[in-house]
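Every chain is numbered from 1 and lettered A, B, ... according to where its sequence line falls, protein lines coming before strand lines.
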Amino acid sequence: MKALVAIKRVIDYNVKIRVKEDGSDVEKDNVKMSINPFDEIALEEAVRLKEKGVVNEVLVVSIGDNSVKETIRAALAIGGDRGIHIGTEGALEPLGVAKILAEICKKEAINIALLGKQAIDDDFNQTGQKLAAILNWPQVTFASKVEIKDDKAIVTREIDGGLETLEANLPVVITSDLRLNEPRYASLPNIMKAKKKEIIEMNADELNIDFKPRLKTIKITSPKERGGTVKMFSNAEDLVKTLRDKEGLIK
Amino acid sequence: MSCLVVLELENGKPNRPSLATISAAKKLSQNIDVLILDGKAKEDVAILTDAKKIYYFSSNQQDVLAEEIVDILKPLSSKYKFLLAPSGTFSKNFMPRLAANLDKQMISDVINIHDNDTFDRPIYAGNAIATVKSEESIKLITIRATAFEPFTTKTGSSEFIQLKEPEKVTFNKFLEREESKSERPDLSSASIVISGGRGIGSSENFQIIESLADKLGAAVGASRAAVDAGFISNDYQVGQTGKVVAPQLYIAIGISGAIQHLAGMKDSKVIVAINKDEEAPIFQIADYGLVGDLFSTIPEIIKLI
Ligand SMILES: Cc1cc2nc3c(=O)[nH]c(=O)nc-3n(C[C@H](O)[C@H](O)[C@H](O)COP(=O)(O)OP(=O)(O)OC[C@H]3O[C@@H](n4cnc5c(N)ncnc54)[C@H](O)[C@@H]3O)c2cc1C
Ligand SMILES: Nc1ncnc2c1ncn2[C@@H]1O[C@H](COP(=O)(O)O)[C@@H](O)[C@H]1O
């Protein structure tokens, strides 16, 4: 069985985001880039499936400019077997990404496609669902527990009201939520080994699909700041008094 | 220029995020139709939403899969310019699938509508706002409910249209749902939210948060760290990847204030932070702060109210 993990290179979640003054984008020069945290979780799950003997190959795919190769290499050090870098320049959107990933899933005869539920840069939360639609595969989003039995995936998902369990036939698209697992760190020997693993290079234009963005970004701005500064209290009584008498928020 | 809104129900009525989505829809079109999963609610929905048409199922379809609801919505969608739903795990699951089926790029988490083509949405956990323009012939949009006031009316007269039951797909199956039951107000509609973080220390200690919430008639929330540590279940998580809330009063207790948490609560009207570390970043966005050990300050507060 073959698993595909789609990984996106994003600004590291610890970096304080700054909007460029000309409103064209956020500052991306000289900021730390990392694998999208949800994709790291999806990758960990795929590697665990391989360790359990369910999957025999973990394919790592990333779409973007040449810099994403570094992210693929890092994913191979965590346990991916082979990488595919699909070269593109310029903006990408979930619909276009899903179309490209669908081609790879077909070409590589993938049984389980694992994605993050959401990229923490664009916060779209769409690509996995769109991939499933294009392939006409079942989807299980926001997974917090995955079990593969024969040709079925029994997956628990996090929903607004609690948890829900679905049983989907393979091939399937699964998107990871935060509590699916705790990703490992790459060990030094595995980082060395990853240098020898194969990364296939492909240009997105070779696939003959229309992945041009449909949304036009007019501008990027900073959010409204909360006005004022914090008023600090040294005891509970003063806080309660203020909330009751000044703000009228509690009885 | 008509608009179809897929509503979410709570106790037989559209929930607050759904009513906020109606308000957003009104900015796009005066012709609003709605779809509900449980036909029993249709009279109440008519009164509360002023919809022209209400599509409903005769039996409650709350366990419907994304694949199945998409099969229903796909033929319906050709009549509409806009398809809207409140942003939540239900819409985030089916809406992108529907969008891809229609070959459309959908727009997630809209917080502001400039005109029929131009929308604002938060990116980078709300640390930047993108203004985007879409020329898609059908626009699929999820609405960040905290950014719109709930729609109010009491004058609806709607046409009821019964849909045939969704056909079960063979490649995916609903097995079970574990709903967390609570007598407290719902997190996304409560006017006061009391949230606890890692500082609470254990699931037993979380009772401190719950007793304060009960004293104030508030909903309970949590940081990711509190959920990961098993103090409370996942559906209480507030933040970039949890629920987004904007109550009148948000009290963060034993929460440090990571940007991913702030993304879910920074639009609250008044923010109070209680933390033993006066350097905690949560104080930078709070209106009121109390530095102290929560195990002594919270019982004191409970006594005072
Ligand atoms: C991709 C991604 C998505 C994420 N999404 C979310 C999300 O949606 N929501 C979310 O909340 N987080 C999210 N996080 C996690 C986030 O980065 C933080 O790790 C998390 O919010 C920290 O939770 P906390 O403040 O409870 O814990 P900590 O940061 O450990 O803070 C605990 C606080 O409690 C205080 N404290 C301890 N003991 C006491 C005491 N006795 N009395 C008073 N104060 C005390 C401490 O001073 C400290 O400030 C996400 C992270 C990633 C990478
Ligand atoms: N450029 C990309 N290359 C590879 N995978 C991607 C890319 N963009 C998005 N994805 C995948 O799609 C998931 C959801 O992204 P999004 O729909 O943009 O929030 C991510 O967590 C990744 O798994």
Side-chain angles (χ1 to χ4, degrees), chain A residues 11 13 17 19 26 93-95 98 118 120-126 129-130 132-134 138-139 141-142 144 154 158-169 178-179 213-223 226 228 230-234 236-237 239-240 242-243 247 249-251, chain B residues 66-67 88-90 92-93 96-97 99-101 105-109 118 122-134 136 171-180 216 224 228 233-235 240-241 248-249 260 266 270 272 283-291 297 300-301 304-305:
Chain A
I11 296 181
Y13 78 96
I17 299 296
V19 173
V26 303
E93 270 168 8
L95 185 63
Q118 163 179 353
I120 60 160
D121 50 2
D122 61 35
D123 282 333
F124 268 125
N125 193 333
Q126 298 182 3
Q129 298 87 313
K130 284 181 162 162
I134 294 165
Q139 68 184 50
T141 51
F142 326 144
S144 63
I154 297 133
E158 297 197 355
I159 55 167
D160 286 342
L163 296 169
E164 179 178 282
T165 306
L166 304 185
E167 182 188 86
N169 293 0
L178 290 169
R179 275 162 288 277
R214 308 274 183 90
L215 295 179
K216 197 168 135 200
T217 301
I218 310 282
K219 60 174 195 274
I220 307 285
T221 47
S222 291
R226 287 183 69 84
V230 59
K231 178 157 178 36
M232 297 297 267
F233 295 105
S234 54
E237 210 175 330
L239 172 64
V240 169
T242 303
L243 293 180
E247 298 281 355
L249 286 167
I250 60 175
K251 277 186 254 111
Chain B
E67 292 86 336
T89 54
F90 178 61
K92 285 176 180 168
N93 194 33
R97 189 174 181 108
N101 264 306
Q105 175 52 49
M106 113 182 214
I107 312 168
S108 311
D109 286 319
T118 320
I123 55 175
Y124 294 95
N127 288 297
I129 309 294
T131 303
V132 296
K133 189 172 164 118
S134 164
E136 300 282 25
F171 59 26
N172 202 354
K173 196 165 90 189
F174 173 85
L175 292 187
E176 58 171 354
R177 182 170 304 144
E178 226 179 283
E179 266 175 79
S180 30
L216 294 170
R224 173 188 172 187
D228 282 1
S233 66
N234 61 283
D235 44 316
Q240 179 184 21
T241 52
Q248 295 295 311
L249 174 61
Q260 293 86 7
K266 68 175 171 33
V270 172
V272 175
F283 288 123
Q284 288 165 22
I285 66 142
D287 300 287
Y288 301 109
L290 180 59
V291 178
T297 52
E300 255 181 83
I301 293 175
L304 290 163
I305 49 183

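Contact count versus chain B (heavy atoms, under 4.5 Å) is highest, among A/I154, A/L178, A/L243, for A/L178. Across A/K231, A/Q126, A/K216, A/Q118, the residue that shares the most heavy-atom pairs under 4.5 angstrom with chain B is A/Q126. Highest contact tally toward chain B, considering only A/E164, A/M232, A/E237, A/R226, is held by A/R226 [criterion: heavy-atom pairs under 4.5 Å]. Comparing A/D160, A/I250, A/L95 by heavy-atom pairs within less than 4.5 Å of chain B, the highest count is held by A/D160. The greatest number of non-hydrogen atom pairs below 4.5 Å with chain A, out of B/K266, B/E300, B/Q284, B/K173, is found for B/K173. Interface summary for chain B: among A/S144, A/A132, A/P213, A/S234, the most heavy-atom pairs under 4.5 angstrom belong to A/A132. Counting heavy-atom pairs under 4.5 Å between each of A/A168, A/P223, A/P94 and chain B puts A/P223 at the top.
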| request: Any chance you could lay out the salt bridge (charged side-chain N to carboxylate O under 4.0 Å, His left out) test for A/R179 and B/D228, step after step, and finish with the verdict? | output: CA-CA 7 Å; A/R179 275 162 288 277; B/D228 282 1; 2.7 Å; yes

| What do the steps show when you test B/R224 against B/Q260 for side chain to side chain contact (heavy atoms under 4.5 Å, CB included), and what is the final call? | CA-CA 9 Å; B/R224 173 188 172 187; B/Q260 293 86 7; over 6 Å; no

| request: Assess whether side chain to side chain contact (heavy atoms under 4.5 Å, CB included) is satisfied between B/L249 and B/V272, documenting all intermediate values. | output: CA-CA 8 Å; B/L249 174 61; B/V272 175; 3.8 Å; yes

| task | Could you please spell out the steps behind the side-chain hydrogen bond (donor to acceptor under 3.5 Å, both in side chains) verdict for B/D235 and B/S180? | result | CA-CA 8 Å; B/D235 44 316; B/S180 30; 2.2 Å; yes

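For a residue to count as touching a neighbouring chain, one of its non-hydrogen atoms must lie under 4.5 Å from one of that chain's; by this rule A/F124 touches chain B with backbone and side chain alike. B/N93 touches chain A through backbone and side chain together, each having a heavy atom under 4.5 Å away. With a threshold of 4.5 angstrom between heavy atoms, A/R214 approaches chain B through its backbone and through its side chain. For B/E67, the part lying under 4.5 angstrom from a heavy atom of chain A is the side chain only. Of the two parts of B/L216, only the side chain, counted from C-beta on, holds a non-hydrogen atom closer than 4.5 Å to a non-hydrogen atom of chain A. Proximity to chain B involves both the backbone and the side chain of A/E93, based on heavy atoms less than 4.5 angstrom apart. Only the backbone of A/K251 comes within less than 4.5 Å of a heavy atom in chain B; its side chain stays farther off. Within the 4.5 angstrom heavy-atom criterion, only side-chain atoms of B/E136, from C-beta onward, approach chain A. The parts of A/L249 that come within reach of chain B are both its backbone and its side chain, each placing non-hydrogen atoms under 4.5 angstrom from that chain. In this structure, the portions of B/T241 lying under 4.5 Å from any heavy atom of chain A include both its backbone and its side chain. At a 4.5 Å heavy-atom cutoff, A/A98 makes no contact with chain B through either its backbone or its side chain. The parts of A/Q139 that come within reach of chain B are both its backbone and its side chain, each placing non-hydrogen atoms under 4.5 angstrom from that chain.
Residues B/A99 and A/K130 approach most closely at CB-CE, 3.8 Å, considering heavy atoms. Here the shortest heavy-atom pairing between A/A236 and B/T297 reads CB-O, 4.2 Å. Here the shortest heavy-atom pairing between B/Y124 and A/I11 reads CE2-CD1, 3.9 Å. In terms of heavy-atom proximity, A/A133 sits nearest to B/N101 at CB-ND2, 4.1 Å. Between B/V270 and B/D287, the shortest heavy-atom distance links the atoms CA-OD2, 3.3 Å. Scanning both residues, A/I134 and B/A100, for their nearest heavy atoms gives CG1-CB, 4.3 Å.
The side-chain contact (heavy atoms from CB on, under 4.5 Å) test with A/I220 is passed by exactly one of B/I129, B/V132, B/T131, B/I123: B/I123.
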